[in-house]
Amino acid sequence: MTAIPPANRSSFLSILVAGIVCGFLAIVLSISLGSLLFTGEMRGFIPSAIGLSLFSTAVMAAFCALGSSIPGVVTISEEIPVVALTLVVAATFAAIAPSLGQNAQFATLVAAIAVATVVTGLATFALGYFRFAGIVRFMPYPVIAGFLAGTGWLIVVGGVSLAAGGDLNWELLGRLREGSAALQFALTGGLVAILILAERLIRSPFVVPAVLLAILLVFNLAVWWGGYRYGDLRAEGWLIQLPETGNLWPPIGVGDLSMIDWGAVARGMVNLPMVIVITVMALLMNTTGIELHAKRDIDLNREMRVYGAMIALSGAGGGIPGYPAVSLTVLADQLGARSRWVGLVVAALVLAALMLGSYILDAVPALLLGGVLVWIGWALMLEWLVHSRTRIPIFEYGVILLIFLVIALVSFPVGILVGLIAAVVLFAYEYGRVEIVRHEWTGAEFRGRHASGPREDMLRRHGGSIVIVRLQGFLFFGTADRLRKRFQDRMAALEDDARRFLLLDFRRVPAMDSSALMSFVRLAQVAESRGFTLVLSGVSSRMRKAFIQGGMTVGEDRPVRIEPDMERGLRWCEDTLLSSLGSVPDAAGWMLETWLDTSLGETAWKLAPYCSRLELEPGSRLIVEGSESDDMFFIESGAAVVETMGDHGEPVALATVGVGEAVGEMSFYLRGLRSASVVVTQSMVVWRFSRADLDRLAIERSEIAVAFHQAMASVLSRRLSATNGLVRFLAD
């Protein structure tokens, strides 16, 4: 618990006013919500239910004031948990043995309420203890909105039933046309209209308390002026029926514990998971609403621990769940009372109302309680059925409407089930629309960093048979199967090409489900039957193992190949394609003049005498990172890897280079230090062209030097263009 800070004189008045106003509203709301707990044959237990609701509000308001990190927070029993708790109450009542007397029936219902509330509190505390408060972020907005709209309808029905003195059915509607019932129903409708209009027209936190207080005064003055007796008004349905003892709490005595039908209590717990889920979700949403109003972060896990303990404490006394009321907490804040004393004042007033018992119920007409319930339910339906329509797409609004209609026309449990199914369908629909293909190019549009000279020209003409795809996001059954069908058709359109390759890069795919895995296994089978090669890159070891266990065969002579990264996968596709076309020069046929002729044309032979030939074995370094850049090299044969040192001192491969490529030209022209090393992987023959050779060429054959610079400018421009394309392709 947090120590209560002393209240100075300047804030004492605001705290007292806020506590009295919020306390009055807490009493009226608690009495109204307690009336929802028992319906049908259980309506005779309503006064005791009101006592349970007032007891819960008093306990939770005091406990939360001391334990919560939110200053000025006001906690009461709330409508959403009460509606959910009616499922447990109804199931328990249906399971009670018919032979039990009324006292035993009530004791059993109180026991069921207590058990459900205590378990809900412990579950809430556990979620906060294990830091699972973020669960609210994973529930789709339309599902939450549908639950709230349906809850609003049930509250409206409960309010009408309370005001009219019976469950809402055709028989009750028939009675509403007669005398006293018709007058009560009309007055209830007028009260609801006054509350709605007053709240909209008068922007003041005092308007609702003022209206309710005025109605209380008018009613009691009318009773006094007309000389009516409260017993007669109670018999005609204007007041709530009192318990025999006249006390609202405790609901049962110690001697009543032996009468409890624990079997019925156990059968009533079938609906307990719904109570827990709905209470936790509503609790987190209310706390988030207070967080938004306060414009500061609230530790939801800490608050859940506090709320869980207070709910369990309430349940130990037979109470019902609750949580901070956004409206009352905001009201206290607007009155300038940001102090824990507000909650303690509210608790004291509610406790006094609980002790006064019959005096409170005699002073509060049933039509006021029913009108308050209808007003609360109407506000929920208006917010989540009407106002939400302009904020979300039509499909998601359809989910809200579906859940609402199921709750209103069938039942709350079925509505919850439909909501959970809707959540899964909504997730599949929405995530299925997410584009999992980040980029899609062909080998003619995007070439590896090693493509230059005649190799680049050949790839520009024939690279269309290489389809390059970068995937992104979590892959599941909907997205993966759509991808498989898409690229099956894409590869079928390339059947006239000699060799076809589908390169899929998984670097940005964190995981996939089993259905997605089987979609790729199926794609591998299609590759084998239709004659194209499936190349997978950036695949984690876990994914690779899953692919192989799923039946995908990988190897040199198989239609599926796995490469460490996209660059090496693309290099393999390009080499294999060019080899099938007979277009990859080898060491015997590729000379310096071949490369120079590509860029300089007929003057190429004039540059060759200025270059020197070098032979290097695997493992040797053609270029060393950080060294002076006095020369550049043209590769006649062999291969090498371009690498740089990583942050932890390990080499990081950047690219592979081979026949017909130039290396070191960037640093050569920039006159800076080498930015990477070039390490020979296959025996190489290279031609070295130094800065001294360039100076000698400029003196002896200036026209050739100019042509050389123009050719290198073209090479560097193409390389820059390729790099820009690579940046766009790989950009996060």
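This structure is a prediction, so every number in the text was calculated from the model and none was measured. When reading the values below, keep in mind they use all heavy atoms of this one structure, side chains included, and skip hydrogens, waters and symmetry mates. Positions are given from 1 along the sequence.
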Is it true that [Y] and [X] share a donor-acceptor pair across their side chains at a distance under 3.5 Å?
X	Y	answer
Ser56	Ser314	yes
Ser68	Glu303	yes
Thr279	Thr120	no

Give the minimum heavy-atom separation between [X] and [Y], together with the two atoms involved.
X	Y	result
Ala61	Val346	CB-CG1, 4.3 Å
Ala149	Leu385	CB-CG, 3.8 Å
Ala84	Ile278	CB-CD1, 4.1 Å
Thr92	Ala112	OG1-CB, 3.5 Å
Val73	Pro324	CG2-CB, 3.5 Å
Gln105	Phe93	OE1-CE1, 3.7 Å

Answer yes or no: is there a donor N or O on one side and an acceptor on the other, between the side chain of [X] and the main chain of [Y], under 3.5 Å?
X	Y	result
Asn301	Tyr129	no
Thr390	His387	yes
Arg338	Pro71	no
Thr188	Gly371	no
Thr329	Val326	no
Ser53	Ser30	yes
Asp256	Gly253	yes
Ser258	Gly255	yes

As an exercise, state the distance from [atom1] of [X] to [atom2] of [Y], rounded to the nearest 0.5 Å.
X	Y	atom1	atom2	value
Met310	Leu66	CE	CG	12.0 Å
Leu29	Leu328	CG	CG	6.5 Å
Ser161	Ile46	OG	CD1	9.0 Å
Met281	Asn286	CE	CG	11.5 Å
Ile407	Thr151	CD1	OG1	6.0 Å
Leu257	Ile260	CG	CD1	5.0 Å

Measuring only between side-chain heavy atoms, which start at C-beta, is [X] closer than 4.5 Å to [Y]?
X	Y	result
Leu344	Arg340	no
Met60	Leu313	no
Pro365	Phe219	yes
Tyr323	Leu284	no
Phe132	Val280	no
Leu382	Ile196	no
Ile215	Val211	yes
Arg305	Phe125	yes

Which of these passes side-chain contact (heavy atoms from CB on, under 4.5 Å) with Leu367: Leu239, Val192, Val372, Leu187? Leu187
Compute the ring centroids of Phe45 and Phe106, then answer whether they are less than 6.0 Å apart. yes
Between Arg391 and Glu383, is the closest basic N to carboxylate O distance under 4.0 Å? yes
Walk me through it: do Leu380 and Glu79 pass the test side-chain contact (heavy atoms from CB on, under 4.5 Å)? CA-CA 11 Å; Leu380 281 174; Glu79 68 273 11; 4.1 Å; yes
Could you go step by step and tell me if Thr75 and Thr57 meet the side-chain contact (heavy atoms from CB on, under 4.5 Å) rule? CA-CA 7 Å; Thr75 304; Thr57 295; over 6 Å; no
Applying side-chain contact (heavy atoms from CB on, under 4.5 Å), run through Glu78 and Val82 and close with a yes or a no. CA-CA 6 Å; Glu78 289 279 3; Val82 171; over 6 Å; no
Derivation and outcome, side-chain contact (heavy atoms from CB on, under 4.5 Å), residues Val119 and Ile276: CA-CA 8 Å; Val119 174; Ile276 295 174; 4.1 Å; yes
